[in-house]
Amino acid sequence: MQYLHTMVRVSDIDASLHFYCDLLGLKEVRRKENEKGRFTLVFLTAPQDEARSAELQAPEIELTWNWDPEEYGGGRNFGHLAYRVDDIYALCEHLQANGVTINRPPRDGHMAFVRSPDGISVELLQSGDALPPKEPWASMENTGTW
């Protein structure tokens with residue numbers, strides 16, 4: 001068995017690509033338009049997984065955008081996406097500076113949670129050992145749910 005991708009339905013493809021690519025740092029690796037089915041599939045991968053994605057089309061996230069508006073509830077019903085990051089503090093600062101709420105701050109220098117524009121929980125995990133506690137994260141409270 002091999003993990004291939006996680007599919008996430010999105011209501012605004014531009015807002016989602018801004019979040020996942022511009023802010024989180026994922027890269028679009030391919031796109032499929034289906035006029036008959038009236039949907040677009042956009043496949044994303046983490047920078048360190050690009051070679052594997054090119055060879056195996058995995059591991060990836062598949063953003064599914066249905067052209068006809070639909071309401072999607074929940075977002076947490078499947079759990080969360082998780083990414084290992086080089087500097088959790090720098091990424092959280094970048095996300096926060098761009099209007100993303102840090103729902104579970106990286107108080108421990110190891111783990112944080114944010115949400116995509118569609119309410120999908122994204123877990124960020126520090127690569128290697130946890131970073132030393134650092135303000136403002138060390139004393140920041142949780143916001144909302146993740």
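Excluded from the calculations below are hydrogen atoms, water molecules and symmetry mates; all remaining heavy atoms, backbone and side chain alike, are included.
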Item checked: Asn34 atom CG, over 12 foreign heavy atoms within 6.0 Å -> yes

Note to self: Checking Val114 against Thr101 for the side-chain contact (heavy atoms from CB on, under 4.5 Å) test, could you report, in this order, the C-alpha distance in whole Å, the side-chain angles of both residues, the deciding distance, and whether it holds?
What the structure shows: CA-CA 6 Å; Val114 297; Thr101 299; over 6 Å; no

Check: Is a donor on one side and an acceptor on the other found under 3.5 Å between the side chain of Thr45 and the backbone of Ile61?
Finding: no

Checklist line | Pairs where residues 130-140 contributes a residue and the test side chain to side chain donor-acceptor pair (under 3.5 Å) is met, not counting sequence neighbours | finding: Glu135-Ser139

Notebook entry, point to check: How many angstroms lie between atom CG of Asn103 and atom OG of Ser121, to the nearest 0.5 angstrom?
Noted result: 7.0 Å

Check: Taking side chain as C-beta onward, heavy atoms only, is Ile120 less than 4.5 Å from Leu81?
Finding: yes

Note to self: Holding to side chain to side chain contact (heavy atoms under 4.5 Å, CB included), I want the full list of residues that pass it with Thr64, two or more places apart in sequence or in another chain.
What the structure shows: Met7, Arg9, Leu41, Glu62, Asn66

Next item on the list: Check whether more than 12 heavy atoms from other residues, nucleotides or ligands sit under 6.0 Å from atom CD of Glu33, and answer yes or no.
Entry: yes

Check: Looking at side-chain heavy atoms only, is the closest gap between Leu44 and Val29 below 4.5 Å?
Finding: no

Notebook entry, point to check: Got a sec, which pairs hit ring pair (Phe, Tyr, Trp, His ring centres under 6.0 Å) with one end in residues 22-44, sequence neighbours left out?
Noted result: His5-Phe43

Checklist line | Of all pairs that satisfy side chain to side chain donor-acceptor pair (under 3.5 Å), the ones with a partner from residues 84-97, not counting sequence neighbours | finding: none

Check: Who are the side chain to side chain contact (heavy atoms under 4.5 Å, CB included) partners of Arg38, not counting sequence neighbours?
Finding: Trp67, Asp68

Next item on the list: Sequence neighbours left out, what pairs pass salt bridge (charged side-chain N to carboxylate O under 4.0 Å, His left out) with at least one residue falling in residues 100-112?
Entry: Arg104-Asp108

Next item on the list: Compare all side-chain heavy atoms of Leu91 with those of Leu124 and state whether any distance is below 4.5 angstrom.
Entry: yes

Next item on the list: Please report the shortest heavy-atom distance between Gly109 and Ile88, naming the atom on each side.
Entry: O-CG2, 3.8 Å

Note to self: For Glu123, give me all partners under side-chain hydrogen bond (donor to acceptor under 3.5 Å, both in side chains), at least two apart in sequence or on another chain.
What the structure shows: His80

Note to self: Just so I know, are the side chains of Leu26 and Tyr83 near enough to count as touching, which here means a heavy-atom distance under 4.5 Å?
What the structure shows: yes

Checklist line | Set of side-chain hydrogen bond (donor to acceptor under 3.5 Å, both in side chains) partners for Ser53, sequence neighbours left out | finding: Glu60

Next item on the list: Would you indicate whether the side-chain heavy atoms of Glu28 and Leu17 approach each other to under 4.5 Å?
Entry: yes

Note to self: Does anything in residues 12-25 form a side chain to side chain donor-acceptor pair (under 3.5 Å)? List the pairs, not counting sequence neighbours.
What the structure shows: Ser16-Asp118, His18-Asp22

Checklist line | Phe19 and Val100, any side-chain heavy atoms less than 4.5 Å apart | finding: yes

Next item on the list: In sequence, state the C-alpha distance, the side-chain angles, and the governing distance for Ile13 and Val42, and then conclude on side-chain contact (heavy atoms from CB on, under 4.5 Å).
Entry: CA-CA 9 Å; Ile13 192 68; Val42 180; 3.9 Å; yes

Item checked: Under 4.5 Å side-chain linkage, directly or through intermediates, the cluster mates of Leu4 -> none

Next item on the list: Return the minimal non-hydrogen interatomic distance between Ala112 and Pro105, and the atom names on each side.
Entry: CB-C, 4.3 Å

Item checked: Pairs flagged by salt bridge (charged side-chain N to carboxylate O under 4.0 Å, His left out) wherever residues 40-51 is involved - sequence neighbours left out -> Lys27-Glu50, Asp49-Arg52

